[in-house]
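What follows is a short report on a single structure.
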Amino acid sequence: MNPDRHLVLTSMAKLMIPLIIVFAIYVHSHGDIRPGGGFQAGAIVACALSLHLLVFGAEAARQLIPVPVLKIAAAFGVLLYAGTGLASVFFGKEYLDYDALGAGLDGQKFGILLIEIGVFLTVSATLTLCVYAFAGRVPDIRDEDR
Amino acid sequence: MENHAARYASGGAGVTALALISSVTVTLPAVTGASSGDVVAAAPQDWILAIVIGLMIAIAVAISRMRPLFAIAMSLSVYSLLCAIAFVLMDAPDVGFTEAAVGAGVSTILLLAALLLVPRTVRERVKSFRPVPAIAAGAVAALLLWAAPDVPFYGDASSAPNVTLGRAYAERTVRETGKPNAVTAVLASYRGFDTLGETAVIFTAGIAVLALIGVGDRAILTGRRRRRADNAGGGSAP
């Protein structure tokens, strides 16, 4: 669909997408004291990117965040999570026992921070990739398709 | 097409209204009765919860009567949003977040994207009574109703999860992990290995989608070429 013909839609999307992403960052960074966490924040970011794709089209979305970046982010998230586990083994505790990563509660704080970032990267990138994949089968959404 | 849509829209509205009235009358006593017994007094949010669940039942019934797939996809999105509200009302905002973002957001967009590739309305339904699906659905409903009394009342402090593992986690999380949100502490620390598995499952599902459908330029070009071939060939539309 032609973005120029939907002024209200494009204006609202330009207004909403940054707000949604800021909210996702809030949900992620406050996940340990308030509801939320990496998974929720990742899903919210994927929603924002999907909104961008719906309004501005698949080509613009792929220019905003290229597919290789998403693929690397999805894989890096799992790697970061598993690597945190290996690090705790390296420092002499069991797999994913964050007490090995610092003294007292710092180890837990650091470990949970790392794995939440990993979950966030994998969830947001994978969900966005799935939306890209399905939307990519349709070159453009015509206006009469609604 | 227009006539069909209008007819089924009006039919859907009638069914929705009927289902709404009946479901609210059914769920109101159930929810308030469950909480006004020996556990806690009926709070205002119990009434809101009853209305939300009634709306969910109404939408489920309406979806089963709808024909345009676009309307069905959007109704499923509304259903997911109501489900998220119900989770938040039942003090599970973490689950509510996920339901709102994944159920109402991303999966609706996936459904809409898939809709562009298939016919837009459900096939004309044959108006005949089919006994086997009816008996199967009735049997499952009977089993669920039979099992329902074994589920502890919502908020029951003496139920098994609340006296054993749940209480243990609630008492230990702040001391052992320093995280006030017990859900995050359990997911990330106590059950970190499970969460690693879940992350890997999501990653694997993404790989499967990419392997089956593809996301690169080649996949888009293939889709365009196939569409052009379909248009040129005529008649071979799905």
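So you know, we letter chains A, B, ... as the sequences are listed, proteins then strands, and number each from 1.
E116(A) approaches T184(B) most closely through the heavy-atom pair OE2-CG2, 3.5 Å. Of all the heavy atoms in K179(B) and K109(A), the pair that sits closest is NZ-CG, 3.6 Å. The minimum heavy-atom distance between A43(A) and V106(B), with the atom names listed, is O-CG2, 4.2 Å.
Heavy atoms of I109(B) lying under 4.5 Å from chain A belong exclusively to its side chain. With a threshold of 4.5 angstrom between heavy atoms, E198(B) does not approach chain A through any atom at all. For chain B, the nearby part of I115(A) is the side chain; its heavy atoms alone come within less than 4.5 Å. Proximity to chain A is limited to the side chain of L210(B), based on heavy atoms less than 4.5 angstrom apart. Contact annotation for T195(B): both backbone and side-chain heavy atoms come within less than 4.5 Å of a heavy atom of chain A.
Listed options A200(B), G178(B), P93(B), S189(B) were ranked by heavy-atom pairs under 4.5 angstrom with chain A; first place goes to S189(B). Contacts with chain A were tallied for T98(B), I202(B), L196(B); L196(B) has the most, counting heavy-atom pairs under 4.5 Å. Note on A41(A), A75(A), A82(A), G111(A): by heavy-atom pairs under 4.5 Å with chain B, the leading option is A75(A). The residue among G77(A), S50(A), G85(A) with the most heavy atom pairs within less than 4.5 Å of chain B is S50(A). Ranked by non-hydrogen atom pairs under 4.5 Å with chain A, the options A101(B), G206(B), A100(B) are led by A101(B). When each of V209(B), L212(B), T199(B) is scored by its heavy-atom pairs under 4.5 Å with chain A, the top score falls to T199(B).
Using a distance-only test at 3.5 Å, with no hydrogens or angles considered, no donor-acceptor pair links the side chain of D94(B) to the main chain of P35(A). With Y81(A) contributing its side chain and G192(B) its backbone, the two residues share a donor-acceptor pair below 3.5 Å.
Note: L96(A) CG to R191(B) CZ = 13.5 Å, rounded to the nearest 0.5 Å. With rounding to the nearest 0.5 Å, the separation of CZ in F39(A) from CG in L187(B) is 10.5 Å.
The aromatic rings of F193(B) and Y95(A) sit perpendicular, their planes meeting at an angle over 60°, well past the 30° parallel limit.
If you run side chain to side chain contact (heavy atoms under 4.5 Å, CB included) between F134(A) and each of L111(B), I213(B), L112(B), only I213(B) comes through.
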What's the verdict on side chain to side chain contact (heavy atoms under 4.5 Å, CB included) for T177(B) and Y98(A), showing C-alpha distance, side-chain angles and the deciding distance?
-> CA-CA 9 Å; T177(B) 67; Y98(A) 312 130; over 6 Å; no
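Residues of residues 118-131 of chain A having a heavy atom under 4.5 Å from any heavy atom of chain B, listed by number: V119(A), T122(A), V123(A), T126(A), L127(A), L129(A), C130(A), V131(A).
Other residues, nucleotides and ligands contribute over 12 non-hydrogen atoms within 6.0 Å of the OH atom of Y190(B).
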